[in-house]
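Step one of this worksheet: look at the structure below.
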Amino acid sequence: MAKFLPLAQAVAENLRDGDKVAFEGFTHLIPTAAAHEAIRQGFRNLTLIRMTPDLIYDQMIGMGMAQKLVFSYAGNPGVGLLRRVRDAVENGFPNALEIEEHGHAAMANAYEAGAAGLPCAVFRGYRGADLARVNPNIKPITCPFTGEQLAAVPAVRPDVTFIHAQKANRRGDVLVEGIIGIQKEAVLAAKRSVVTVEEVVEDFGGLHPNLTILPRWTISAISVVPGGSHPSYAHGYYARDNAAYLEWDEIAADRDRFSAWMEENVMRAKPEDFAARVEGLRAGASLRSVA
Amino acid sequence: MAKFLPLAQAVAENLRDGDKVAFEGFTHLIPTAAAHEAIRQGFRNLTLIRMTPDLIYDQMIGMGMAQKLVFSYAGNPGVGLLRRVRDAVENGFPNALEIEEHGHAAMANAYEAGAAGLPCAVFRGYRGADLARVNPNIKPITCPFTGEQLAAVPAVRPDVTFIHAQKANRRGDVLVEGIIGIQKEAVLAAKRSVVTVEEVVEDFGGLHPNLTILPRWTISAISVVPGGSHPSYAHGYYARDNAAYLEWDEIAADRDRFSAWMEENVMRAKPEDFAARVEGLRAGASLRSVA
Amino acid sequence: MTSFTPNEMMTIAASRALKNDDVCFVGIGAPSAACNVARLTHAPDITLIYESGTIGTAPDVLPLSIGDGELCDTAVTTVSVPEMFRYWLQGGRISIGFLGAAQLDKFGNINTTVIGDYAHPKTRLPGGGGAPEIATSSREVYITMAQSKRGMVEKIDFYTSFGHGDGGDHRKRLGIDTAGPTLLITDLAIWKPDPETKEFTVVSLHPGATREMVQETCGWTVKFSPALEETPAPSELELATLRNLKVRTDAAHKRGAAAAKRGSKDG
Amino acid sequence: MTSFTPNEMMTIAASRALKNDDVCFVGIGAPSAACNVARLTHAPDITLIYESGTIGTAPDVLPLSIGDGELCDTAVTTVSVPEMFRYWLQGGRISIGFLGAAQLDKFGNINTTVIGDYAHPKTRLPGGGGAPEIATSSREVYITMAQSKRGMVEKIDFYTSFGHGDGGDHRKRLGIDTAGPTLLITDLAIWKPDPETKEFTVVSLHPGATREMVQETCGWTVKFSPALEETPAPSELELATLRNLKVRTDAAHKRGAAAAKRGSKDG
């Protein structure tokens, strides 16, 4: 049952050293504030799960928090590579990183299977692809009716999932809209879940009945962190800070510059700092009206 | 690509004797007008697929159109049994009816697999249930990671699916809202699809981005039939005619009364008659505002 | 004390078994009435889910079907049917699956498929719908039905929904890790499974009901708990809540009918 | 005639391959520009799908990522990522999967995973994302990339996305029933697979490009069609459309940056 907590407490109560953890958000609604809080609290030996690791996992891996990465696209979307992830995979810096690599179809199906309480996902994939050769968690499975060989991957079942969403109501139900990505599945697949939101509203009474809503009893904790998705965006609240993604490419390219940036912008910062970071991006928020 | 056609033409162009056909709608938005048009055109040897056969399949089976019924709940919801279906199964009247019976979970997964282009659906089901004993289309399948035995059923792939929806826009995209049931999957799983709608609007420009919309290129034909779901209902347009469901129990109990009712209300009726049937139910339309 | 019918007692006794934090997959009919009485009395925050996809619904009148508009109007959210069965039921999020039964045996196995042989049935019933998986994926199953020798039988004709099978650890042997039927509420009594054999045992008689009445309307030899209790009679609040709900429901269903008739004539 | 760059020619040549009734799964970068030029010129009704779940999108500026807000703002509908991969891609509804490549071989096999050994890579690239299944579930695959000896190689280091494998009927032998790569558009030429061997063959040289230039920037021995054509130069409309799109895109991305900087200072 959702408890409203300050972010530091929500993270401390729900994340543990050694956890399998997913910080999800498919380009949109990336839970940056929650990731930064986890960095400040200095967790270790995490298995980081995410379709598109993106800046926040580049940061967590660069800070030495991860022992394993489960992913399907380790890029800075539209910009290029993730340089801290590369340094870990290519040079073992700051520590060796085990990887379990999939395609998006497999990861999406694996989250879906996790949400659906199944041990594995079955789909048509990896045909002719080398990932099936290097990842032992990709196995063939045969349709008992047609004999067609399909692919199976284990369900993703995180210990805890973090997401960012637009709104909670006072009861603790959470609304996600726009590019909804994989967040619903990531929360339902996890044992625990923490949601940062832009704001809390009285109720969802006037909203459309088919919106993506996570009932309060599927959520462990909610923290209000306006701007908590920056430099990603929140549909209806503020635009994506594309320049920050371009800039990250330079910051992460250099170990020292990375460390200095993290010290200044994460270690010495607070969840409350996110609001100011998106102030200038609010005018560019998506045009299409949402509920 | 969706063509706007009169219902008689849409049915004639898309349904054929011997087809596997689904008329879907989970209590809400049942495509009654399309079913009645199919009855008037006198198709034969159909395999009727539907989770909840309901009144329209009671009518089609009573009229001798079906050679097989694939289903998961053959009841008059909240009222009782389907008496024409019973007469066919128990007495072979008006003709013998082959049945393939599933549970809802299996049928929902089978439609989902059809929409997903898979040959079969895999889920945790039928444990200890006798249906697995009498239906050869239920087979075990083993998770290659945990060894757990799961159930597999073939994907449902209708030749043609009929649904009723609230709105189309002028381009032919279709909006379904409220209890959305299995309609999206039923359309995407089928080779062809016909949608009856309450109305055509200029565009969906102001609507929420995450609504259930079937793009025009997933649909074969659209027919405008206001009230076309009666005695089922259309969220935001008119309420369910519960009394008609209660009354059906008496009509269908007697072969002669059934025939007389069908002659008067279907064979001698037109799609345009549906509008009047819901006139008095419009005041009771669902309260919650939809787009 | 206000007088009440056995059916009212059944619904109210069933409603009392539900807790405020339950997530309940609601079958239509008696379960639906019980769940909504619970919501309108001691369990205002209970989450009621119907298989049409409506989650956290709070209808003002009882739905006739599992997909009435009222359910969607008042729901926290409404999802597709595949999602309902995959994420919410199979996903293990339901604490109580609440089922009715056409035929029931003493181990909580349910038949709603056929009377007689499956291939050549004497009576073809509607079938399982969501029940086979509600019975195995919900953490616990409650069953409610009015007693009769035709309904409560020594051997059911078809296992639509698996209860405790032949009793004992039969569920476990099939790899089913949920508790199965833990409560049966009839119009005469409250029953719970014996911890070992899993046979339903009467633990409480409703006011006015006797052991003989229970046995006479049951097709198997009934076991009674040594610590047999009497079910507390419905309170004024419970009874008023149930009766008001039924009055609102009847009025709503008739209003629809009348309106439709008017519509037809006008048309 | 207005002058144009090889990259502009590449994008415009790629855009011409798309038809008004195509349903196109769009990779980011060069494919995204080509698809949107097609939409803004000869194919106004083309359906563009990005893997973030946006279906039938019509962005006014090019997205930096596959999930920019602009894509959702202008889409016919936006679905979840599992639905995107299950119903829309795996469901067989995509006519053209449009991919870029880091490494490509002459049979249209693509590597975007690693340079060097998988376990100990020289360069760790982002990986496959949606591409492995785009390559096998789309009815056809178009590839676009700028030529270079590093990019177009005799043997790729890792089969991220399967093209024609070793050529011939290799796809069929693996049970893949889609056509695979049917078109390659570079900054110098248009290539199509040989009907038998499936080796990419140059069928058209862009204006100003020569056979030598094509061979010098390609790691395998290039085959040229006996009926080699010259790609028509970009029309004024095509060029203006592409350039305006780029201008709008650059302005939008910079505006966001400037606004964010202002915000930080104010904050």
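Bear in mind the structure is a predicted one, so any value in this text is a computation, not a measurement. Every chain is numbered from 1, with letters handed out A, B, ... down the list of sequences.
Interface summary for chain A: among C:Gly91, C:Gly53, C:Gly56, the most heavy-atom pairs under 4.5 angstrom belong to C:Gly91. Most heavy-atom pairs under 4.5 Å with chain C, from the set A:Ala189, A:Ala115, A:Gly117: that is A:Ala115.
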For chain A against chain C, give me the donor-acceptor pairs closer than 3.5 Å, one per line with atom names and distance.
unit_1	atom_1	unit_2	atom_2	d
C:Asp45	O	A:Arg216	NH2	3.3
C:Thr47	OG1	A:Trp217	NE1	3.1
C:Thr77	OG1	A:Leu211	O	3.0
C:Thr78	N	A:Pro209	O	3.1
C:Thr78	O	A:Asn210	ND2	3.2
C:Glu83	OE1	A:Lys184	NZ	3.4
C:Glu83	OE2	A:Lys184	NZ	2.6
C:Arg86	NE	A:Glu112	OE2	2.9
C:Arg86	NH2	A:Glu112	OE1	2.8
C:Tyr87	OH	A:Glu185	OE2	2.7
C:Gln90	NE2	A:Ala116	O	2.9
C:Arg93	NH2	A:Leu188	O	2.7

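Applying the salt bridge (Lys or Arg N to Asp or Glu O under 4.0 Å) criterion to C:Glu140, with sequence neighbours excluded, gives no partner residue.
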